[in-house]
Amino acid sequence: MILRFCLASILVISSLTSIAQNDQHRPKIHFTPEKGWMNDPNGMVFYKGIYHLFYQHYPDSTVWGPMHWGHATSTDLIRWERKPIAIFPDTLGMIFSGSAVVDKRNSSGFGSATNPPLVAIFTSHSAEAEKSGSNSFENQSLAFSTDDGKTWRKFAGNPVLRSPGIRDFRDPKVMWHEPSSKWIMALAVVDKIEFYSSPDLKNWTRESEYGKNAGAHGGVWECPDLFSLKDENGKNVWVLIVNINPGGPNKGSATQYFLGDFDGKNFKAYADSTKWIDYGPDEYAGITWSNTGDRKIFIGWMSNWDYAQVVPTLRWRSAATIARELKLKKTGSELYITSTPVDEIEKYTSTAEVHTLKPGGMDKMSLPCRIKTTISAESDFSLLFGNESGESVVIGYDKTANQFYIDRTKSGKSNFNAGFAAKHTVPRFGNSSMINLDVILDVSSIELFADEGLSTMTSIFFPTKDYNRIYLPQANPSTMIHYFKLKPVF
Ligand code: FRU
C-alpha cells in the first residue's frame, strides 16, 4: 500500500517536472500556441466585441511545416483564449498568411444582409506544384464564417487570384476603401507591393504597384498592410507596412513602413526611405486588426527567421508580441508611427503596488513585470534584469550615440545560433529633455517603448533560470525607477 502510494507520488512529481521543463520559457502575458509551431499573426479582425487572432500554425511539430490557421480570441487583447484550429490545408495547398474582414454589405454573398459573413483571404501555397517545377504555386483563396468566426468553410471557387507565374506572390491584406466603394488588397510580390481591387472579394483587378525602388531590399517583401491614420491635425495619412526578411536594421526579419497617400488605385509615399515600426530583432510579420474604427491595433510574431526554428523551447515555439496601438507623431519635421502597449494592459498592471529602485539598488521581482519611468536625456542610463546564475539582459540609453539598446549578450542560452548573443540598438527620434520608458518584461522577452513609442524594440532571450532580480547600476544619475507587477494571464 505504502509502496504503491510512493510510486504514484513519484509519477505525479516526475510528470509535473516534465510539464515544467516542457514549458520552460513559456511567457505569462504573451500569447503562445499550446503546443507546436507558430509564426505570423493572421486574419486579425474585431467583431461583436471579440478580437480574433489567427496565426500560422503547425500543430504536429515545433518546426515550420504544413501551415494551418490557429485561432485565439480575446475581449481585451491581453487575455487570450485558445480555440480549435480554424483553417486546415487542402488540395490547393498550405494556408499561408493573410487577412480577414467583416463583409458588412454581404458583397461576397457568403452570408446575408442580417448576418454578414467574416471572410478570410489567404495564400494557398502548393508544395506539390512548387516541387513539380511550376512557378505558380502561390494563389489567393477565401474562407468564410457565418457563425461569428467559430467555424470556417472554404469558397468552392478558390483560388480567386492566381499567380501570374511569380514564385513569391502572397500574404493578401484586404480593406474596404470607402471613397471608391471597393475592396483593396495589398499583396507582397517578390520585392514590391501590388494593389488589387474588387467589388465582391471574389473578382480582383490589378491596380498598381509600389516599392521596387523604395525602402529596404535586403530580403523578400512579405506580409504587407495598408490603412490610414489621422495625424495630429486630423489629416488622413496612409500607412503601408512591408515586412522584410532578411534585411532588418538589427539583422534578419523586421517591419518597415512608408507614409503617403492612397487614392483607391495608387500608393504615393511622401518619401521612399525606410522607417521601422520596431528596431529589435524579434518583431516580425506585424500587421493590424481590421474593423477597429479609428483605432489601429498591431501585433507581431516575436521571433526572427534567423533562429526561430532552433530556439530552446520544447513543446511549443514562438510567442506573439503584446498588442500595440499605432499612432502618428511629428518630431522636428518628420512624421513617425508610434507604438505603445494597448491601454487594456493597464487593467493587468498592479499600480496599487509601486516598487522603486534607487541607483545601486537591487530588488527581487517576479515575472511578468512592467517598468514605467522617466529618465533624463542628458546622461547614460542602464537597467538590468537577471538571475542568481549571473545571466542578465540589459536595457539602456547611450547619450553620445543618442540611441537605446537591449543587450542580450549574457542573457542565457545562446549556442543555438551564432549571432543571437548580441546588443541591438534603436535610434532616439524624440527630442525632449526627458525620456519616458515603458518596458514589458516576460519570462523570455523584453519590449521597450521609449518616448511614447517613437523608438521601439523587442528582444527574446532564454535564461537557464527565470529572471528574478532587477538592478539599477550605481553609475546611473539619481534616477528612481518605478516598476509594477503584471498579472499573469497564462
Ligand atoms: C512570413 C511568411 C509569409 C508566409 C508565411 C508562411 O513569415 O514567410 O510570407 O505567408 O510566413 O508560413
Side-chain angles (χ1 to χ4, degrees), residues 33 36-44 53-71 85-90 92-100 120-127 129-130 136-143 159 161 163 166-174 185-194 211 216-225 241-248 251-256 277-278 281-288 298-311 317-321 458 460:
W37 167 265
M38 172 174 89
N39 55 294
D40 315 354
N42 296 143
M44 293 97 77
L53 167 65
F54 300 92
Y55 53 92
Q56 289 286 277
H57 184 37
Y58 184 32
D60 300 331
S61 168
T62 47
V63 292
W64 190 89
M67 287 290 110
H68 302 52
W69 272 26
H71 186 197
I85 290 175
I87 311 182
F88 289 79
D90 58 27
L92 292 176
M94 313 184 210
I95 313 300
F96 268 24
S97 287
S99 47
I121 308 96
F122 55 86
T123 300
S124 297
H125 177 110
S126 168
E130 183 179 12
S136 299
F137 50 84
E138 295 201 327
N139 302 290
Q140 318 319 314
S141 295
L142 307 179
L161 176 59
S163 166
I166 298 174
R167 296 172 67 84
D168 295 299
F169 192 74
R170 61 175 175 269
D171 306 340
K173 182 71 161 72
V174 173
M185 176 197 291
L187 191 74
V189 183
V190 192
D191 55 356
K192 58 183 185 301
I193 302 304
E194 292 190 350
H217 281 281
V220 68
W221 281 23
E222 301 183 313
C223 301
D225 195 358
I241 284 183
V242 179
N243 286 277
I244 177 171
N245 175 57
K251 291 213 185 113
S253 327
T255 307
Q256 64 183 320
I277 290 240
D278 184 313
D282 295 307
E283 181 285 304
Y284 189 56
I287 49 170
T288 62
F298 173 97
I299 196 164
W301 172 40
M302 200 152 57
S303 198
N304 189 315
W305 279 117
D306 278 0
Y307 43 72
Q309 304 196 74
V310 293
V311 296
R317 271 217 180 94
S318 303
T321 66
T458 304
I460 57 175

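When reading the values below, keep in mind they use all heavy atoms of this one structure, side chains included, and skip hydrogens, waters and symmetry mates. It should be emphasised that the depicted structure is a prediction, and the values quoted were computed from it without experimental measurement. Counting convention: from 1, in listed order, for ligands and their atoms alike.
- Rounding to the nearest 0.5 Å places OH of Y58 at 13.5 Å from CZ of R317.
- Counting only heavy atoms from C-beta outward, the side chains of L161 and P172 never approach each other to under 4.5 Å.
- In this structure Y55 satisfies the ring pair (Phe, Tyr, Trp, His ring centres under 6.0 Å) test together with F31, H57, sequence neighbours excluded.
- Checked against side chain to side chain contact (heavy atoms under 4.5 Å, CB included), V189 has the following partners two or more places apart in sequence or in another chain: I166, F169, L187, K192, E194.
- In this structure, I287 CD1 and D171 CG are separated by 8.0 Å, a value rounded to the nearest 0.5 Å.
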Which protein N or O atoms sit under 3.5 Å from any N or O of ligand 1? Give atom names and distances.
residue	atom	partner	partner atom	Å
ligand 1	7 (O)	D40	OD1	2.7
ligand 1	7 (O)	D40	OD2	3.3
ligand 1	7 (O)	W305	NE1	2.8
ligand 1	8 (O)	E222	OE2	2.9
ligand 1	9 (O)	R170	NE	2.7
ligand 1	9 (O)	D171	OD1	3.4
ligand 1	9 (O)	D171	OD2	2.6
ligand 1	9 (O)	E222	OE2	3.1
ligand 1	10 (O)	S97	N	3.2
ligand 1	10 (O)	D171	OD1	2.6
ligand 1	11 (O)	N39	ND2	3.2
ligand 1	11 (O)	D40	OD2	3.1
ligand 1	12 (O)	N39	ND2	3.1
ligand 1	12 (O)	Q56	OE1	2.6
ligand 1	12 (O)	W64	NE1	2.9

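- Evaluation of the ring pair (Phe, Tyr, Trp, His ring centres under 6.0 Å) rule for H68 yields F88 as partners, not counting sequence neighbours.
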